[in-house]
2 protein chains.
Amino acid sequence: MPSPTTIAQKSAALPSSEEIARAIVQGLEAGEFAPGQRLVEADLCLRFGVGRQAVREALQRLKMVGVVDIVPNRGAHILHMTPEQAALTLEVTELLFGLAARTAARRIAAGSGTATLEHAIGELDACADGAAAGDYMRARRHLFGALAQIADNPELTRLLDQTRVHVLRGQFGFAGLRQDHARELAAIGRLVLAGQCAEAEAQARAHVERIRLHLERI
Amino acid sequence: MPSPTTIAQKSAALPSSEEIARAIVQGLEAGEFAPGQRLVEADLCLRFGVGRQAVREALQRLKMVGVVDIVPNRGAHILHMTPEQAALTLEVTELLFGLAARTAARRIAAGSGTATLEHAIGELDACADGAAAGDYMRARRHLFGALAQIADNPELTRLLDQTRVHVLRGQFGFAGLRQDHARELAAIGRLVLAGQCAEAEAQARAHVERIRLHLERI
DNA sequence: CGCCAACAGATTGTCGACAATCTGTTGGCA
DNA sequence: TGCCAACAGATTGTCGACAATCTGTTGGCG
C-alpha cells in the first residue's frame, strides 16, 4: 500500500475515460473551469488528446456525481452552485462525514491502515500554519480517504468520494479560515485514532456545520 | 406536474443511454439480472436495439451509482451484495432517509406538492393489506420521490435516488414483511404531512434500522 | 505425465464518419 | 420598422469498423 492517495497508475493501462473525469475535476479545482461554463466535447477531445467516446463517458460519470449537467441535445455544462445550494449540500455532507468519523473510530482497533490516517494528520498539521490551497485540499482528501478506508463501508466510501468533489465546489471564499479548518480536521483525525466514536462524530459534524453557518451568513 | 414518478417521456426524444441505464435497473428489479452476472456489451446492444456507445455510457453511469463494477479490459458485472454489505449500505440509507423525512416535514408548510406525497401515501395504504412486490416497490419509490421533491435539496434528491436503487438490491427475503413496511412508510408520510420534523425523522430512521437489524440476524 | 508457449475466439477500447438537432443570422414581407 | 421563415454553422447523437487485450485451448517439450 504505497500511496495513500487515490490510485493513479503512473503510465500504464488507464481506463482513459476515468482519467478524463478525474482531469476535469482537477481542472475545476485549479479554476480552469468556471461554474456554468459549457463543456464542448470537441474541445475536451483536443485538450486531452482522446476521442469523443472517452469524453462522453467521462461526462456521463460526472453527471451522476453531480458535477455537470447534461441537457439532451445541448451538451454539458458545469453545474452552477449557489451559496444556498452549497449550504444544502453541506447538510448531507455533515451526516456522511459524521458517520465516517464515528465508524472509523469504532473500527480503529480492528487494524487496517492507521498509517494512512496518521499520514493525513501529519499533512494537515503541516497546513495548520499556512499552506497553499492545493496542499490543504490534498491533505483533506487524504483524510477523507483514510477515514473511508478504515470505516470499511463500501457505500459510505462511494458517497464520501462524491462528497469530496462537491466540498471543493462550495469553496466560496474560505481562504482565511483554511488554517483553522486544517487544525479542526487534524483534531478529528486524532479523535478517530483514539477510538473516541461519539466525540469524533460530534466534532466532524460541528466542523461541517460551522462551514455551513458561515456560508449562510453571506 | 402530471406524473409523480420519475419522468419518462412516453415515446419522444429520449436520451437513450439514460433509458438503457433505467432499463437495466428495471431488469435487476425484475430479477432478470442476477448479482455477479456479467454484462456483455454486445448482448445489451441486441437486447435494447442500440449501439455500443449508448450501452457503454449507461454502464459508466451505473458504475458511479454503484450498481455495476467495471474492470478495465474485462467488462462490467452486476455488483454482488452480501447481507453484510447490505447492512452497511442501510447505515447510510438510514441517515439520508431520516434527513429527507425531517427536511420534508419542516418544509411541508412552504407549499410545494403535498399532492404527490398524499398520492404516495394512498398507494402505500393500498399495499398495506397485500400487494404484488412491484406495486410496493413503486409506491415506495413514489414516497421517496415526494419527500425529495418537498425537501427541495438537490444533493439529497440525487443521493436518495441512488439509494432507492440499492434498497431494492438489498431485498434478501422480506416478502413476509412487505405489508408491515408499507404501513410504516405510510405512517412516516403522514408524519411529514403533519409537519412533525423530529418524529418523522425518528420513525424513518427506526424503519431503516429495523430492516438492518433483521438483515444482520441472517 | 505435467508444464509452458503459441494460438483462436471472444470482448473491450478507440477512432472516424454521418445523421439529427439546436443556435444565431439573414432575408423577405406586411 | 418589426416580425416570421429559411438557412448556415456548430454541436450532439448514433453507428460501424479496426486495434488492443483477455480467456480458454491446443500442441510441443522436458
Side-chain angles (χ1 to χ4, degrees), chain A residues 6-24 27-28 32-80, chain B residues 6-24 27-28 32-80:
Chain A
T6 319
I7 295 173
Q9 278 104 340
K10 46 193 74 170
S11 64
L14 14 156
S16 122
S17 77
E18 175 150 357
E19 209 60 23
I20 306 282
R22 195 177 299 273
I24 291 178
L28 196 66
E32 303 175 43
F33 297 117
Q37 174 177 340
R38 201 168 150 210
L39 295 179
V40 179
E41 296 178 0
D43 293 352
L44 297 175
C45 291
L46 262 64
R47 175 175 182 138
F48 297 113
V50 296
R52 276 199 339 153
Q53 177 130 11
V55 167
R56 285 181 64 86
E57 286 175 11
L59 290 177
Q60 295 293 331
R61 293 168 90 133
L62 293 179
K63 171 179 174 161
M64 294 317 274
V65 180
V67 173
V68 308
D69 187 30
I70 299 182
V71 190
N73 277 297
R74 300 175 54 190
H77 54 268
I78 304 225
L79 210 50
H80 183 69
Chain B
T6 320
I7 294 175
Q9 280 106 337
K10 47 195 73 173
S11 62
L14 15 156
S16 134
S17 77
E18 175 150 357
E19 209 61 22
I20 306 280
R22 195 179 299 274
I24 291 178
L28 197 65
E32 303 176 45
F33 297 117
Q37 174 176 342
R38 200 167 151 212
L39 295 179
V40 178
E41 296 177 0
D43 294 352
L44 297 174
C45 291
L46 263 64
R47 175 175 181 136
F48 297 114
V50 296
R52 273 184 49 206
Q53 176 129 9
V55 167
R56 284 180 66 85
E57 286 175 11
L59 290 177
Q60 295 292 333
R61 291 168 94 133
L62 292 179
K63 172 183 172 155
M64 293 318 273
V65 180
V67 173
V68 308
D69 188 30
I70 299 182
V71 190
N73 276 298
R74 301 175 54 188
H77 55 269
I78 301 212
L79 211 49
H80 183 67

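So you know, we letter chains A, B, ... as the sequences are listed, proteins then strands, and number each from 1. Because the structure is a prediction, the values reported are computed rather than measured.
Among the candidates B/Gln60, B/Gln53, B/Arg61, the single residue satisfying the side-chain contact (heavy atoms from CB on, under 4.5 Å) test with B/Glu57 is B/Gln53. A/His77 pairs in a side-chain contact (heavy atoms from CB on, under 4.5 Å) with only one of the listed residues (A/Val68, A/Val71, A/Leu39), which is A/Val71.
The listed nucleotides are D/dT14, C/dT12, C/dT14; the one nearest the side chain of A/Ser16 is C/dT14. Here D/dC15 is the nucleotide among D/dT12, D/dT21, D/dC15 with the atom lying nearest to any side-chain atom of B/Val50. Ranking D/dC22, D/dA17, C/dT11 by closeness to the B/Asn73 side chain, first place goes to D/dC22. Residue A/Gln53 places its side chain closer to C/dC15 than to any other of D/dG13, C/dC15, C/dT12. Listed candidates were D/dT14, C/dC22, C/dT12. Nearest to the side chain of A/Arg56 is D/dT14.
Closest heavy-atom contact between A/Gly66 and A/Leu79: O-CD2, 3.3 Å.
Across the interface with DNA chain C, nearest-nucleotide mapping of A/Arg74 and B/Ala42 shows B/Ala42 to be the residue nearer the 5′ end.
Between the side chain of A/Arg52 and the base of D/dT14 there is at least one donor-acceptor pair of N/O atoms closer than 3.5 Å.
Remark: C1' of D/dT12 and NZ of A/Lys63 are 14 Å apart, rounded to the nearest angstrom. Rounded to whole Å, atom C1' of D/dT12 lies 10 Å from atom CD of B/Glu57. As a whole-Å value, the separation of A/Asp43 CG from D/dA10 C1' is 11 Å. For the pair A/Arg38 CZ and D/dT12 C1', the computed distance is 9 Å after rounding to whole Å. Between the CG atom of A/Leu59 and the P atom of D/dT12 there is a distance of 9 Å, rounded to whole Å. Going from atom CG of A/Leu46 over to atom P of C/dC15 covers 12 Å, rounded to whole Å. As rounded to whole Å, 12 Å separates atom P of C/dT12 from atom NE2 of B/His77. For the pair A/Glu41 CD and C/dT14 C1', the interatomic distance rounds to 15 Å; values are reported in whole Å.
Counting non-hydrogen atoms under 4.0 angstrom, B/Leu39 reaches the backbone sugars and phosphates but no base.
Shown here, D/dT23 forms a base pair with C/dA8; the pair counts as Watson-Crick or G-U wobble because both key distances fall under 3.5 Å. Pair assignment for C/dC18: D/dG13, on the basis of Watson-Crick or G-U wobble contacts that are both within less than 3.5 Å.
A/Leu44 has its side chain out of reach of A/Ile20: every pair of non-hydrogen atoms, C-beta onward, lies at least 4.5 Å apart.
The OG atom of B/Ser17 lies 9.5 Å from the CD atom of B/Glu19; values are rounded to the nearest 0.5 Å.
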